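Since we're looking at a predicted model, the values are computed, not measured.
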Amino acid sequence: MPENSDRQLHFNLFLMGVGHHEAAWRHPRTDPAQAADIAHFQRLAQAAEAASFDSVFLADGVEARSDGGWGLISHFEPFTLLTALAVVTERIGLIGTVSTGFTEPYNLARQFASLDHISHGRAGWNIVTSAGERAAQNFNRTANQEHSLRYRRADEFLDVVTALWDSWEDGALLLDRASGAFADAARVHEIGHAGPHFQVRGPLNIPRSPQGHPLLVQAGSSDSGRAFAARWAEAVFTAQQTLAEGQSFYADLKRQAAEAGRDPAAVKILPGVVPVLGSTEAEAKRLDRELDDLINPERSVGVLSTVLGLDLTDHPLDEPLPPLPPVTEINGAKSRFELIRDLAERDRLTLRQLVGRLGGGRGHQVVVGTPEQLADHIETWFGQGAADGFNIMPPILPDGLTDFIEQVLPILRARGLFREGYTGRTLREHYGLPRPAGRY
C-alpha cells in the first residue's frame, strides 16, 4: 500500500513528436511538421509548467527503423532539446534518456551536471541499457551485449558517474579574486576508478551541480531492471496493464528498495498512461477509432517483430500470435516482451488487434473515456498501491495535453490529489527528495 495518506500525485509529461499514438502524425488534429519545430516543444513544456507538472520527459533511441522512420516522427537529441526547454521555463523538471551502453561515464556526468547548472537544479537522467541490435551496430559493434552484462556495465557506470558528480565538494569553488584562489584544490578529488568496464581518473571538470546528483530515473521492469532500480532509481517509469499487475510491481520494487537499505518512499513508481479523452465516452471512443484506423498494419508488424525478436511479417493479421520463445531466450527488452506476450494471451488478440492495442501506447495503459473516468482510474491506482503518479502520454499533441490540463487536473485538485502550484524550485524538491550529501 502507499506509504501515507498525505501523498500528492506526481505527473510527468512524456514528450513525443505530435503525440504518442503511432498514427498521431496522420490525424487532422495534428501538424506533423511541428515535430521538427523547437517552438512546439517549448510551448508544451510551458503549458505543463503552468499546470505544475513535475517534469517533462524525453525517451530516446539511437537507431532508425529499417523503413527509414516510424509514425512518431524522429525526435531531437535529448540534451539539445532539454537545454532549449531550460531557457524558456523556470520550475519544471527536465528528464532525458541516455543509454549506459553507448556513451562514456565522464561525458554523461559532465552533460547532466551542465544541464543541472543551466536549469538551476532541474535535470534528471532516465537510465537505460539499450536492447536493440540496430542500435549496437551504430556504435562499432556487430551485436548488442547480453542482457545481464548490460546491467553489470550499468551498475559500474553509475558508480563512476556518481563519484564524478561528487568529485567537487560543495564549496570547493572559491573565486577569491583578492587572493587569486579559483578553487580549493584539497576539496577537488580524483576518483581513480578501475573496474572491468571503465577506468576513469577524474575529477569532473565542472563543480558540483545545484542538485548534487541530477534525479536518477529508470525504466526497465525485468528482474535485472528491478534490482538495478532498487539500488539506484529515485523514480521508475513502468508499464503495467492491470491494477493487479501494477500493485504487484509496486510492492515488489518498494520491498527490494527497503532490502537495499533505502527508504521505499524515496522511490516513486510512475506508470505510463495514454489519455484518450472526450466529453462523452462515445466521443472518446470515436477519437480512439479514428487514430487506430490510421495505423499502417504492415509497418506496425515490422516494429513488433523487432521488439519481440521474431519475424511476424508473413504471419496472417487475423490470427493469434504464433508460439513465442521463452523470455530466457530474449536478449532484448525482456519486460516489454513479457508485457506484449501476456496482453496477447490474456485478451486472445489477433496480430491485427495486437498492433492496434500497441499503437496507442506501446504497451502502456490506454484509458479511453471522459475526464471523470480517467480521474477515477488515476485515483484508483494511486490509492490502491499501484502508483505514486503517472507519466502522461497524450495520444495527440498539443490537443491531448490541453484536454488533460483543462479537464482532468481540476477534478484531481478538487479531490485533494494534486497540488495547486509548485512548492519547490528543483526537480528533487518536486519529488520531496533530499539533496545527496557529497561522499567527501
Side-chain angles (χ1 to χ4, degrees), residues 49 54-56 77-96 98 100 103-127 155-195 197-217 231-235 262-263 266 422-440:
E49 181 172 68
D54 293 76
S55 76
V56 293
E77 182 278 325
F79 285 111
T80 310
L81 178 52
L82 290 174
T83 302
L85 300 184
V87 298
V88 297
T89 57
E90 295 181 357
R91 306 288 282 275
I92 196 164
L94 305 163
I95 300 175
V98 185
T100 59
T103 188
E104 291 291 321
Y106 197 95
N107 288 341
L108 182 140
R110 185 185 185 200
Q111 288 168 314
F112 271 111
S114 297
L115 181 61
D116 207 45
H117 278 288
I118 290 168
S119 65
H120 305 290
R122 295 185 282 137
W125 172 24
N126 180 45
I127 307 157
D155 260 320
E156 186 180 341
F157 200 111
L158 267 291
D159 285 332
V160 177
V161 166
T162 53
L164 287 169
W165 284 335
D166 287 344
S167 62
W168 284 67
E169 294 183 33
D170 291 324
L173 185 65
L174 300 176
L175 300 180
D176 187 335
R177 290 188 290 183
S179 69
F182 182 81
D184 183 348
R187 302 177 71 183
V188 182
H189 305 271
E190 294 185 1
I191 69 169
H193 179 89
H197 301 283
F198 305 107
Q199 295 187 43
V200 182
R201 180 176 178 176
L204 200 61
N205 60 349
I206 182 171
R208 201 160 191 255
S209 73
Q211 292 187 109
H213 297 176
L215 187 81
L216 297 177
V217 184
R231 180 182 179 192
W232 293 108
E234 294 160 312
R262 301 179 60 201
D263 177 4
Y422 294 111
T423 56
R425 300 201 69 86
T426 71
L427 180 53
R428 287 188 168 278
E429 289 171 342
H430 300 341
Y431 276 88
L433 297 173
R435 185 178 187 271
R439 65 192 64 196
Y440 299 102

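Nearest approach of Leu174 to Ala181, heavy atoms of both residues: CB-O, 3.6 Å. Looking at every heavy atom in both residues, Leu427 comes nearest to Gly93 through CD1-CA, 3.9 Å. Scanning all heavy atoms of the two residues, the minimum distance from Ile206 to Ser114 falls at CD1-OG, 3.7 Å. Of all heavy-atom pairs between Asp155 and Arg231, the closest is OD1-NH1, 3.1 Å. The shortest heavy-atom contact between Leu94 and Ser119 is CD1-CB, 3.8 Å. What you find for Ser209 and Pro214 is that their closest heavy atoms are OG-CD, 4.2 Å.
Between Asp159 and Phe198 there is no side-chain heavy-atom pair separated by less than 4.5 Å. Proximity of Arg428 to Pro436: side-chain heavy atoms (C-beta onward) are separated by under 4.5 Å at one or more points.
Between the side chain of Arg435 and the backbone N or O of Pro210, at least one donor-acceptor pair lies under 3.5 Å. Between the side chain of His193 and the main chain of Leu164, no donor-acceptor pair closer than 3.5 Å is present. In this structure, Glu49 contributes its side chain and Arg91 its backbone to a donor-acceptor pair below 3.5 Å. At least one donor-acceptor pair closer than 3.5 Å links the side chain of Arg122 to the backbone N or O of Thr89. Side-chain atoms of Glu234 never come within 3.5 Å of backbone atoms of Leu215 as a donor-acceptor pair (strictly under, hydrogens ignored). Asp116 contributes a side-chain N or O that, together with a main-chain N or O of Gln211, makes up a donor-acceptor pair within less than 3.5 Å. Under the 3.5 Å distance criterion, the side-chain polar atoms of Tyr106 are matched with a main-chain donor or acceptor of Pro203.
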Let me see the working for Thr423 and Glu429 under side-chain contact (heavy atoms from CB on, under 4.5 Å), right down to the final yes or no.
CA-CA 8 Å; Thr423 56; Glu429 289 171 342; over 6 Å; no
Kindly determine whether Leu115 and Trp125 satisfy side-chain contact (heavy atoms from CB on, under 4.5 Å), including the steps that lead there.
CA-CA 10 Å; Leu115 181 61; Trp125 172 24; over 6 Å; no
Could you go step by step and tell me if Arg187 and Tyr440 meet the side-chain contact (heavy atoms from CB on, under 4.5 Å) rule?
CA-CA 8 Å; Arg187 302 177 71 183; Tyr440 299 102; over 6 Å; no
Decide yes or no on side-chain contact (heavy atoms from CB on, under 4.5 Å) for Leu216 and Leu158, but give the supporting numbers first.
CA-CA 10 Å; Leu216 297 177; Leu158 267 291; 4.1 Å; yes
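Within a 6.0 Å radius of CD in Glu90, other residues, nucleotides and ligands contribute 12 heavy atoms or fewer.
The distance from the OG atom of Ser55 to the CG atom of Leu85 is 11.5 Å, given to the nearest 0.5 Å. Between the OH atom in Tyr422 and the CD1 atom in Ile92 there is a gap of 4.0 Å [rounded to 0.5 Å]. The CZ atom of Phe157 lies 9.5 Å from the CD1 atom of Ile127; values are rounded to the nearest 0.5 Å. Note: Leu433 CG to Thr426 OG1 = 9.0 Å, rounded to the nearest 0.5 Å. The line from CZ of Phe112 to CD1 of Ile95 is 9.5 Å long, rounded to the nearest 0.5 Å.
Side-chain contact annotation: Glu169 with His189, donor-acceptor N/O pair under 3.5 Å present.
Screening residues 161-183 for ring-ring contact (aromatic ring centres under 6.0 Å, His included), with sequence neighbours left out, gives Trp165-His213.
By the side-chain contact (heavy atoms from CB on, under 4.5 Å) test, Ala163 is found to be paired with Ile191, Arg439, residues two or more places apart in sequence or in another chain being considered.
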